[in-house]
Amino acid sequence: MVKMQREDLFSKEAALKNQAKRELANGLEKASLDKLRLQCFSRGATGILGLARAFRVMDDDGSKTLSLEEFKKGVNDMGFEFDESDIAELFKSFDTDENGSINMTEFLMKLRPPMGTCRLNIIDKCFDKLDTNSDGQITIEDLKHAYSVHDHPKYLSGELSEDEIMTAFLKNFEAGAPNPDGIVTKAEFINYYASISASIDNDAYFDLVLRRAYKL
């Protein structure tokens with residue numbers, strides 16, 4: 001099974017959360033997008049991912065667009081501290097054609113921290129290794145083809161079944177997210193590691209952490 005080098009990821013995630021909380025509490029004026037990004041970071045690597053999932057649940061028709069009310073509900077459902085004027089300002093800044101809706105994908109791309117090509121490339125390689133049927137999402141069935149759990153201590157002891165171990169791995173990407181479904185899309189995978197990336201300054205170290213985690 002994937003050895004996630006959790007000590008590295010957990011320490012980086014803890015640093016990300018602490019830094020975000022300090023910045024939120026420093027009393028300085030912040031742009032609405034920066035404030036939302038920091039509130040996501042204060043939840044750790046799954047903050048942006050959780051918001052993305054909240055939006056995906058509301059996108060009933062698959063249009064990847066959100067109205068102001070849907071956008072407001074997504075922010076509120078995540079428990080973020082935003083007043084009406086902040087939400088309206090944020091929505092208006094993305095509703096460039098003033099048609100009363102925003103593109104969900106474009107918004108999330110702006111919300112997540114920017115990453116260079118080398119970081120995106122290694123994230124792509126990790127995702128492709130797990131997405132064994134190349135359908136753009138990771139499920140338990142993909143993981144069964146990518147990795148064996150037969151050497152996992154909890155499998156050997158009978159404490160956990162193969163499916164339970166695979167599900168626990170997928171839950172790394174769903175912690176705190178509404179309506180977990182056991183499916184991780186490529187966008188969600190990138191959103192997760194974009195947050196981890198924000199806490200790692202060095203490109204080579206980021207590359208090393210992921211290569212070790214996914215045995216590339």
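Between Leu143 and Leu170, some side-chain heavy-atom pair lies under the 4.5 Å cut-off. Counting only heavy atoms from C-beta outward, the side chains of Leu33 and Ser93 never approach each other to under 4.5 Å. Residues Leu36 and Leu51 are in side-chain contact: their nearest non-hydrogen atoms beyond the backbone lie under 4.5 Å apart. By the 4.5 Å heavy-atom criterion applied to side chains, Ile165 and Phe169 are not counted as neighbours. For the pair Asn202/Leu208, no side-chain contact is recorded, criterion being any heavy-atom separation below 4.5 Å from C-beta on. Residues Arg43 and Phe80 are in side-chain contact: their nearest non-hydrogen atoms beyond the backbone lie under 4.5 Å apart. In this structure, Arg37 and Phe41 have side chains that are in contact, with non-hydrogen atoms separated by less than 4.5 Å. The shortest side-chain heavy-atom distance between Phe82 and Gln39 falls under the 4.5 Å cut-off.
Atom CG of Leu111 is separated from atom CD1 of Ile48 by 4.5 Å, given to the nearest 0.5 angstrom. Taking OG of Ser197 as the reference point, atom CZ of Arg119 lies at 4.0 Å (rounded to 0.5 Å). With rounding to the nearest 0.5 angstrom, the OG1 atom of Thr65 is 9.0 Å from the CD1 atom of Ile102. To the nearest 0.5 angstrom, Leu28 atom CG is 13.0 Å from Lys35 atom NZ. Interatomic distance, Ile123 CD1 to Asp207 CG, rounded to the nearest 0.5 Å: 10.5 Å. Distance CG/Asn26 to NZ/Lys21: 15.0 Å, rounded to 0.5 Å.
Considering only residues two or more places apart in sequence or on other chains, Asn18 meets the side-chain contact (heavy atoms from CB on, under 4.5 Å) condition with Arg22. Evaluation of the side-chain contact (heavy atoms from CB on, under 4.5 Å) rule for Asp135 yields Asp131, Asn133, Gln137, Asp142 as partners, not counting sequence neighbours. Scanning for side-chain contact (heavy atoms from CB on, under 4.5 Å) contacts around Leu216 gives Ile122, Lys125, Cys126, Lys129, Arg211, Tyr214, with sequence neighbours left out. Every residue meeting the side-chain contact (heavy atoms from CB on, under 4.5 Å) condition with Ser67, not counting sequence neighbours, appears here in chain and number order: Glu69, Glu70.
Under 4.0 Å is where a charged nitrogen must lie from a carboxylate oxygen, and between Lys72 and Glu84 at least one such pair does.
The shortest heavy-atom contact between Gly47 and Met78 is O-CE, 4.0 Å. Taking each heavy atom of Ala20 and Ser42 in turn, the nearest pair found is CB-N, 3.7 Å. The two residues Ser101 and Asp95 make their nearest non-hydrogen contact at O-OD1, 3.1 Å.
Judged purely by distance below 3.5 Å, without hydrogens or angles, the side chains of Ser85 and Asp83 pair a donor atom with an acceptor atom.
Ring-centre distance between Phe94 and Phe71: not below the 6.0 Å cut-off.
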Show your reasoning for whether side chain to side chain contact (heavy atoms under 4.5 Å, CB included) applies to Phe127 and Ile190. CA-CA 9 Å; Phe127 183 87; Ile190 293 172; over 6 Å; no
Under the side chain to side chain contact (heavy atoms under 4.5 Å, CB included) criterion, do Ile87 and Leu68 qualify, and how do the steps go? CA-CA 8 Å; Ile87 291 177; Leu68 175 57; 4.3 Å; yes
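Counting side-chain heavy-atom gaps under 4.5 Å among Ile, Leu, Val, Met, Phe, Trp and Tyr, Leu156 is found in no cluster with other residues. Grouped by direct or indirect side-chain proximity (heavy atoms under 4.5 Å, Ile/Leu/Val/Met/Phe/Trp/Tyr only), Leu38 sits with Leu24.
Within a 6.0 Å sphere centred on NZ of Lys92, heavy atoms belonging to other residues, nucleotides or ligands number 12 at most. Heavy atoms from other residues, nucleotides or ligands lying under 6.0 Å from NZ of Lys186 number more than 12.
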